Amino acid sequence: MIKILIRIIGILVLSIFVLYGSIKSFYNNKIEVESFSYVVEPNTSISDLYDGLYITENIFEKSLFLLGIFIFDFKTIQAGEYLVDDSLFKVLTKMKSGQTITHKFVISDGMNIYELSSYIKTLSLNNDCIEFKCINAINDSIEGLLLPDTYFFKRNTNLSILLNKSSEALDRYVDSIWGDKPIDNPLKTKYEAIILASIIEKESSNIGEKRKIGGVFLNRLQINMKLQADPTIIYGLMPDFNGDITRANLRDKDNLYNTYVIDNLPPTPISMPTKSSLEAAIKNSPNEYLFFVADDKGRHIFSKTYNEHLEYVNLYQKK
């Protein structure tokens, strides 16, 4: 009788070791070859969690899954979005500690309202800011109210939180450099500075050139000369701009952003300017140049007179 009992106990112990080994092996295996994201909804059951993580229903595997939940103490997991890219054990460890996916919200240098609107639609954000009404837009313009940067968020974060964070960052930065504006800088308000910075941003992405370009525009503003900036015309034609600026576009008086026709600055910013463009508008003075044209290497050639400018235009633009 004792021998039989010992044998039964031995079989049970062996079975437990085999079962534990199977559970441990199952938990150490990667869930899928390809990584994917999975959302744990509030009050998700353990059974529903298995069905969400595994495509096929396998009674033996599900049993190992359920037993492992109690053995490895995964009974309590946190709701949220998780990257499933490793073994079941490591994935459930992330779910237990709440290591959810962090997304990026990137406001790109020189972005405009049309580009931002399209971009927002691709993100897993809660859009509680329809038509950007959650921030104080001047003249219904979102450009110039946001600072290009990378902002981080979790799934279903309110869009208003990120936009207001960006708007506050822009205000703080402009405030921090406004006191460095030279006496001979003709800009009267911070908003004018943001408008000019938005034009500089679209004229060049070269940080080294921005200050020189800003100096040209400041010079023109100082002597009441039209800015004649192509990017402003383009913005006024959006979202239907076809890629070519025509002679008719240059003469169009109905385009409020046509700086070949209007005096001074356009009514609103045309893009979201970076810190370097803001500095080129604010921490800058009028320079000796009045014209610039892009060369064949993507840089700009500056000139003091119109005749000199025409020579460069003929050299680089009329080939």
Side-chain angles (χ1 to χ4, degrees), residues 109-110 143-144 148 170 173-236 245 247 249-251 255-319:
D109 300 354
E143 292 87 358
L170 177 66
Y173 191 72
V174 172
D175 287 344
S176 72
I177 64 174
W178 184 249
D180 297 326
K181 185 173 73 73
I183 296 175
D184 60 350
N185 184 311
L187 297 172
K188 298 180 180 64
T189 66
K190 294 173 185 177
Y191 192 60
E192 283 187 351
I194 295 173
I195 293 174
L196 180 58
S198 75
I199 299 172
I200 295 170
E201 185 68 43
K202 299 306 289 185
E203 287 286 4
S204 179
S205 59
N206 186 317
I207 294 177
E209 284 192 338
K210 285 183 178 181
R211 184 173 182 82
K212 208 167 183 180
I213 290 174
V216 172
F217 287 134
L218 290 171
N219 192 4
R220 288 190 167 211
L221 288 172
Q222 190 174 57
I223 64 174
N224 295 318
M225 180 178 175
K226 290 180 172 59
L227 295 185
Q228 297 182 323
D230 290 353
T232 63
I233 292 180
I234 293 171
Y235 181 79
I245 297 177
R247 290 183 180 275
N249 294 148
L250 295 176
R251 295 191 296 266
N255 184 345
L256 299 179
Y257 292 84
N258 183 359
T259 50
Y260 282 81
V261 173
I262 66 172
D263 295 320
N264 211 294
L265 294 161
T268 71
I270 64 169
S271 73
M272 297 169 198
T274 55
K275 291 181 178 180
S276 58
S277 292
L278 290 165
E279 290 179 7
I282 297 171
K283 299 172 64 174
N284 201 0
S285 296
N287 59 27
E288 58 186 339
Y289 300 106
L290 285 172
F291 305 93
F292 60 89
V293 64
D295 65 13
D296 53 1
K297 295 181 180 179
R299 296 174 301 191
H300 288 88
I301 306 297
F302 297 82
S303 52
K304 301 175 185 178
T305 67
Y306 185 63
N307 288 336
E308 185 183 9
H309 174 64
L310 283 181
E311 290 180 14
Y312 290 131
V313 170
N314 290 328
L315 180 61
Y316 294 110
Q317 300 292 312
K318 295 182 178 181
K319 293 184 177 181

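We're numbering straight along the sequence, starting at 1. Small disclaimer: the values here were computed from a predicted structure and weren't measured.
L256 contributes atom CG, which lies 9.0 Å from atom OG1 of T268 (distance to the nearest 0.5 angstrom). Here the CG atom belonging to N258 is positioned 15.0 Å from the OH atom belonging to Y235, to the nearest 0.5 angstrom. To the nearest 0.5 angstrom, R211 atom CZ is 12.5 Å from S277 atom OG. Between atom CD1 of residue I213 and atom CG of residue N284 there is a gap of 11.0 Å, rounded to the nearest 0.5 Å. In this structure, L221 CG and N219 CG are separated by 9.0 Å, a value rounded to the nearest 0.5 Å. A distance of 10.0 Å separates CD1 in I200 from OG in S271, rounded to the nearest 0.5 Å.
Residues A197 and A281 share a closest heavy-atom pair of N-CB, 3.9 Å. Residues T259 and T232 approach most closely at OG1-OG1, 2.7 Å, considering heavy atoms. P148 and D109 make their closest contact through CB-OD1, 3.6 Å (heavy atoms, listed as atom of the first residue, atom of the second, distance). P266 approaches Y257 most closely through the heavy-atom pair CB-CD2, 3.6 Å. Closest approach of G236 to N255, counting heavy atoms only: CA-OD1, 3.4 Å. Residues I199 and L227 approach most closely at CD1-CD1, 4.1 Å, considering heavy atoms.
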Q | side chain to side chain contact (heavy atoms under 4.5 Å, CB included) between V293 and H309, intermediate numbers included | A | CA-CA 8 Å; V293 64; H309 174 64; 4.0 Å; yes
Q: List the steps, then state whether side chain to side chain contact (heavy atoms under 4.5 Å, CB included) holds for L278 with L170.
A: CA-CA 10 Å; L278 290 165; L170 177 66; 3.7 Å; yes
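Evaluation of the salt bridge (Lys or Arg N to Asp or Glu O under 4.0 Å) rule for R299 yields D295 as partners, not counting sequence neighbours. Judged as a salt bridge (Lys or Arg N to Asp or Glu O under 4.0 Å), and not counting sequence neighbours, E203 has no contacts. Residues satisfying the side-chain contact (heavy atoms from CB on, under 4.5 Å) test with A193, not counting sequence neighbours, are W178, L187, I282. Partners of E279 under the side-chain contact (heavy atoms from CB on, under 4.5 Å) rule, at least two apart in sequence or in another chain, are Y173, I177, K283. Applying the ring pair (Phe, Tyr, Trp, His ring centres under 6.0 Å) rule to Y312 yields no partners; only residues at least two apart in sequence or on another chain are considered. Scanning for side-chain contact (heavy atoms from CB on, under 4.5 Å) contacts around L250 gives I233, I245, Y260, with sequence neighbours left out. By the side-chain contact (heavy atoms from CB on, under 4.5 Å) test, S205 pairs with no residue at all, sequence neighbours left out. A search for salt bridge (Lys or Arg N to Asp or Glu O under 4.0 Å) contacts involving K202 returns nothing, not counting sequence neighbours. Judged as a ring pair (Phe, Tyr, Trp, His ring centres under 6.0 Å), and not counting sequence neighbours, the contacts of Y306 are F291. For D184, there are no salt bridge (Lys or Arg N to Asp or Glu O under 4.0 Å) partners at least two apart in sequence or on another chain.
The aromatic rings of F302 and F292 sit tilted relative to each other, their planes meeting at an angle between 30° and 60°.
E201 places a side-chain N or O within donor-acceptor distance of the main-chain N or O of T274, the cut-off being under 3.5 Å. Checking side-chain atoms of S198 against main-chain N and O of P273 turns up no donor-acceptor pair under 3.5 Å. Panel note: side chain N314, backbone L310; a donor-acceptor pair is recorded below 3.5 Å.
Between N185 and L218, the closest side-chain pair of non-hydrogen atoms falls below 4.5 Å.
The salt bridge (Lys or Arg N to Asp or Glu O under 4.0 Å) pairs that include a residue from residues 264-276 number zero, where partners must be two or more places apart or lie in different chains. The stretch residues 256-271 participates, sequence neighbours left out, in these salt bridge (Lys or Arg N to Asp or Glu O under 4.0 Å) pairs: K226-D263.
No hydrogens or angles considered: nothing links the side chains of K212 and S204 as a donor-acceptor pair under 3.5 Å.
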